[in-house]
Amino acid sequence: MAKADERGITPQSEDFSAWYNELVLRAELADRGPVRGTMVIRPYGYRIWELVQSALDQKIKETGHENAYFPLFIPESHLKREAEHIEGFSPELAIVTHAGGRDLDEPIVVRPTSETVIGEMFSKWISSYRDLPLLINQWANVVRWELRPRLFLRTTEFLWQEGHTAHADETDAIAELDIATRFYEEISRDFAALPVVIGDKTASERFAGAQRTVSLETLVRDGRAIQSSTTHYLGTNFSRAFDITYTSQEGAVEYCHTTSWGMSTRMIGTIIMTHGDDRGLILPPRLAPHQVVIVPIGRDADLDRVLGESRELEAQLRDAGVRARVDDRDQLSPGFKFNYWELRGVPIRIEIGPRDLAAGVATVVDRLTGEKETIALRGLAQSMPERLEHFQQALYRRAASFRDDHTSVVDSKEELLAAVMTGAALALHCGDPLCEASIKESSGASARCIPRDGADETGSCAFCGAPSAYGRRVLFARAY
RNA sequence: CGGGCUGUAGCGCAGCUUGGUUAGCGCGCUUGACUGGGGGUCAAGAGGUCGCGGGUUCAAAUCCCGCCAGCCCGACCA
């Protein structure tokens, strides 16, 4: 691992991984737990998660879903009922075989996801077309024993939200997919300032047991893609396995069509890697625990006046609906505090010193551009929501240009392989899983999704030359 | 599971090659004074089963064997 400068963090360009790890730890977002791959989410990181949660929970409820809670433990036999599902998950299961002081008759799985328990319950709860659609969401922790953990991006245990719905037919289930995809898109764009590429997964990248998987992909600053959330149309695979049936209006017994969809604490890792720079985090205002930090500067009598003015401004900002905080720690120098809050990604910093006070102004500093402005104290608080909104949009635009600058349209094997070294590639593909596998083998890149907003296009596969499938280009990138 | 690396104070590390008596350094922490617009200065302090177990030796952080843990790069990964 590259060594950080005494005070700063390793630059992104030198070692992105080291940058990321140091940042997560130094910004006090999270710490490693005692069991390999586990993570303690510290208050600053957890607050970001709470802000994601409340925004998403509101959208989930507005669209008619209800929250519920299902058990952490699942009988192993349940998981085995859907063949592809168990096959996909078995390598990463944590299984309890001993409890209550003795060996268990049947092993119990710690949920890696809840399709099976929820399916079991759905089959009891649904009997008529009048019971449909059934729209349930759960906020929970899940456990997946991944081989290579990374803080927030892939932890042994993580927090998420998982939506599970049952519908009378495919049309209704697909409409549900669109609803879930839309609110993930809105959370990503409007709250996390993440430009996403949305599209279906290819067959080999689909969720275990799904007929369709739609993913939201983000391109982060080292040129890799990350799936920040995903929705699945499960067809009748799970309803056949768990006997989720209903009697239709015509009196026939039919299988339900089910969906599931999730967004996890990985979102925080995505935000870090999309927006962060060599000075630290840059948080989108709508998800920032502190949107504005006020640093009072001065001593003795000056300090009293400056602190008083800072507190007054803090109160005004709060009245204006801004999450503001005065950093009144008197043992720390202003310069220390500037770096401290920049590392933590606070969008706007306001400095108030004797010179400012004498002129009735404050110094306002933008975390994204580093620009300092002198602004009259009068009216400053009232204008802050608009300033934060501009910041939010500028952050989104910057990420969108980065994505565009690092996405190439490619038509040959050579171009494809070159493009994925520094970003994403849009290529026609034959649709053959074996061809996908060999792209992965030669470049490390995988098919992220088939972007739904791509233009209609056919031709030959950029990699192998066979006729293209899908009628559109496929997004390839190395991924987290 | 392969390849590489690392375990010494809260954090980051030196010391190990060539064993030696009180195990160092920087940051952080505590107290005080001065300071304060980009990571302040000085002074005085506190803080250690050198990852664990065994072995060699008069003597082990240092040499040997075994184990454990963690990180990085792969493989794997709704």
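Letters go in sequence order (proteins before strands), and every chain restarts at 1.
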Participant: Roughly how many Å is it from CG in A/Asn339 to P in B/rG37, rounded to a whole number?
Facilitator: 13 Å
Participant: Can you name the closest pair of heavy atoms from A/Ser204 and A/Glu436 and give their distance?
Facilitator: OG-OE1, 2.7 Å
Participant: How far, in whole Å, is B/rC64 from B/rC16 if one measures between their P atoms?
Facilitator: 14 Å
Participant: Within the structure shown, what part of the strands sits under 4.0 Å from A/Arg349 by heavy-atom distance: base, sugar-phosphate, or nothing?
Facilitator: base
Participant: Take atom P in B/rC67 and the same atom in B/rC72, then report the distance between them in whole Å.
Facilitator: 24 Å
Participant: Report the base-pairing partner of B/rG66 (Watson-Crick or G-U wobble, both distances below 3.5 angstrom), or none.
Facilitator: B/rC52
Participant: Scan A/Glu342 against the nucleic acid and name what it touches under 4.0 Å (heavy atoms): base, sugar-phosphate only, or nothing.
Facilitator: base
Participant: So A/Trp145, base contact, sugar-phosphate only, or nothing? Heavy-atom distance under 4.0 Å.
Facilitator: nothing
Participant: Can you tell me how far P in B/rC52 sits from the matching atom in B/rA60, rounded to whole Å?
Facilitator: 15 Å
Participant: Have a look at A/Asp330 and say if it touches a base, only the backbone sugar-phosphate, or nothing, with a 4.0 Å heavy-atom cut-off.
Facilitator: base
Participant: Validate the cation-pi geometry between A/Arg212 and A/Tyr233: distance from NZ or CZ to the six-membered ring centre under 6.0 Å, angle to the ring axis within 45°.
Facilitator: no
Participant: Identify whether any heavy atom of A/Arg279 sits under 4.0 Å from a base atom; if not, whether one sits that close to sugar-phosphate; answer base, sugar-phosphate or nothing.
Facilitator: base
Participant: Could you give the distance from CZ (A/Arg36) to CH2 (A/Trp145), rounded to the nearest 0.5 Å?
Facilitator: 9.0 Å
Participant: Consider only side-chain N and O atoms of A/Thr374 and A/Thr363, and report whether a donor and an acceptor are under 3.5 Å apart.
Facilitator: no
Participant: Taking atom P in both B/rU62 and B/rG53, compute the distance separating them and give it to the nearest angstrom.
Facilitator: 13 Å
Participant: For a quick check of understanding: with a heavy-atom distance under 4.0 Å over all strands, which category does A/Leu303 fall into, base, sugar-phosphate or nothing?
Facilitator: nothing
Participant: I'd like to know if A/Arg355 reaches the base of B/rG37 with its side chain such that a donor and an acceptor end up less than 3.5 angstrom apart.
Facilitator: yes
Participant: Write down the distance between CD1 (A/Ile9) and C1' (B/rC27), rounded to a whole number of angstrom.
Facilitator: 17 Å
Participant: Classify the nucleic acid contact of A/Gly88 as base, sugar-phosphate or nothing, counting any heavy atom under 4.0 Å across all strands shown.
Facilitator: nothing
Participant: Using atom P in both nucleotides, what's the gap between B/rU18 and B/rU8 to the nearest angstrom?
Facilitator: 24 Å
